[in-house]
2 protein chains.
Amino acid sequence: MQLTPLTEAFILHFGEMGSRWGINRTVGQIYALLYVAERALPADEIAEILGFSRSNVSLGLKELQSWRLVRLQHLPGDRREHFSTLGDIWQIVRVLAEERRRREIDPTLSVLRELIMETPGSEADRYAQTRLREMHDLIELIMRWSEDVQKLDTADLVQLLKLGGRVVALLELKNRLPLIGRARAQREAPPVADPQSGPADMHEQELET
Amino acid sequence: MQLTPLTEAFILHFGEMGSRWGINRTVGQIYALLYVAERALPADEIAEILGFSRSNVSLGLKELQSWRLVRLQHLPGDRREHFSTLGDIWQIVRVLAEERRRREIDPTLSVLRELIMETPGSEADRYAQTRLREMHDLIELIMRWSEDVQKLDTADLVQLLKLGGRVVALLELKNRLPLIGRARAQREAPPVADPQSGPADMHEQELET
DNA sequence: TTGCTATTCCAGTAATTTCTGGAATTTCAA
DNA sequence: TTGAAATTCCAGAAATTACTGGAATAGCAA
């Protein structure tokens, strides 16, 4: 396999972006190459295409495997291991989100929890703890949300994303539903504040925002 | 100001986490310190507390200012500049999301767009372009969504997040609404696939998932 | 303007991270 | 079990990034 100017441009950009995140350039480039490759590639071929040493590629692939972002497969008649990315891009997003939660968010949340539990040694500590609690609660809220929507099937998820902020119109609507609907919703999500609930009838403009 | 064990633990952890992202440890620690500090701090005090050189702190503060994550203020009777973080944590999230979009996502999207526009030089290019298009469309969808919900006021946003995946129940509901509601929703969001629309009546279990 | 204080810039140094080649290990077919 | 091929590990080299002290600049009160 040979790099075309097009694939090369993508690989270089992706490597740069990777290095702005935690990922190093090599790993980013390897991933980018596999992402646009039509077939699974063996490590020595990756090394040759990208001009890295064989062992560097091995390291990078191990890293990507630990993130569950590349799969290993054996092709008949070839003893070498071949690597490829996940085919379904939504699956990639789900895996990435899960791994980031597991590696970065969860440890942070538990550090925050521990610190919030401690007996404050001073007024400064007491203030710091309120700030840490704010941060903890916010991260937890966002993470619960992301775990939750991640379980949706892709079609629903896409519909939800496309709806964007207009979804609050539906929330308004929900608050106006007959009691049977509201009772269920509240039983399932007790913490949701539900300050004013209007009448059950509905006018067109009330669907706005 | 003196670091207590509690604030020190937080600052150290935050610094480590920062260095897993693009942010370097120093910058992460400065931000963490300001985040838990009850009052705005001048640069020399930050340097003393964290044990960094004065110029390093200056660099870090400049970086944080460029992210709009710290504010500068002058206190009466003191010529030094004092720095503090944003008080409203939701505001912090909004600013962070905006800056990440501006610095990392937008440039990536435009690279992807350019590459997708190019005339493919080979079959491999053609395949690569379909993959790049998938990536482009996915990132754009998620970014549009995030821009959009970012405009919501905080109470609505929190309600939305707490609802999590159960929001699809509302989507189902929407699809069952009398025509006046559906017509509006479709006019506002034409690309949203809306395959089956049921009758306008509603049974309790149809609110599930 | 002058003098004082605060801030930023810069070049050199230190620390960290990345990368390499070769040695050791593993895997698998015969 | 053996040997050939593939993979991983590791210690040192290279490259990158972070940090420092001091010099230059800017800001402000007198």
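Naming convention: chains lettered A, B, ... in sequence-line order (proteins, then strands); numbering from 1 in each chain.
- Between E99(A) and R102(A) there is a salt bridge, with a side-chain nitrogen of the basic residue lying less than 4.0 Å from a carboxylate oxygen of the acidic one.
- Residue-level contact check: N56(A) touches the bases, meaning some heavy atom is under 4.0 Å from a base atom.
- Going from atom CD of E16(A) over to atom P of dT18(C) covers 13 Å, rounded to whole Å.
- dT17(D) atom P lies 14 Å from atom CG of L59(B), rounded to whole Å.
- K62(B) has a side-chain polar atom (N or O) that falls below the 4.0 Å cut-off from OP1 or OP2 of dC9(C).
- Nearest approach of T7(A) to A128(B), heavy atoms of both residues: CG2-CB, 3.8 Å.
- No N or O donor and acceptor, one from the side chain of S53(A) and one from the base of dG21(C), sit under 3.5 Å apart.
- A heavy-atom distance below 4.0 Å to DNA chain D is reached by these residues of residues 72-84 of chain A, ordered by number: R79(A), R80(A), E81(A).
- Note: W21(B) and W21(A) have parallel aromatic rings, judged against thresholds of 30 and 60 degrees for the angle between ring planes.
- Checking the phosphate oxygens (OP1, OP2) of dC9(C), no side-chain nitrogen or oxygen of S58(B) falls inside 4.0 Å.
- Taking for each of R54(A) and S19(A) the nucleotide of DNA chain D with the nearest heavy atom, the 5'-most of the two is the partner of R54(A).
- Atom pair E45(B):CD and dT7(C):C1' shows a separation of 16 Å (rounding to whole Å applied).
- R25(B) places its CZ atom 12 Å from the P atom of dA15(C), with the value rounded to the nearest Å.
- Side-chain contact between M135(A) and I116(A) is absent, with no heavy atoms from C-beta onward closer than 4.5 Å.
- Mapping S55(A) and I23(A) onto DNA chain C by nearest heavy atom places I23(A) closer to the 5' end of the strand.
- Side chains of R100(B) and S146(B): a donor-acceptor N/O pair is absent below 3.5 angstrom, by distance only.
- Here the P atom of nucleotide dC19(C) and the CG atom of L50(A) are 11 Å apart, to the nearest Å.
- In this structure, the CG atom of L61(A) is 8 Å from the P atom of dT8(D), given to the nearest Å.
- Atom CG of L41(B) and atom P of dT7(C) are 13 Å apart (whole Å).
- In this structure, F10(B) and Y35(B) have tilted ring planes: the angle between them lies in the 30° to 60° band.
- Side-chain contact check for L61(B) versus L34(B): some heavy-atom pair is nearer than 4.5 Å.
- The CD1 atom of I46(B) sits 13 Å away from the C1' atom of dT7(C) (whole-angstrom rounding).
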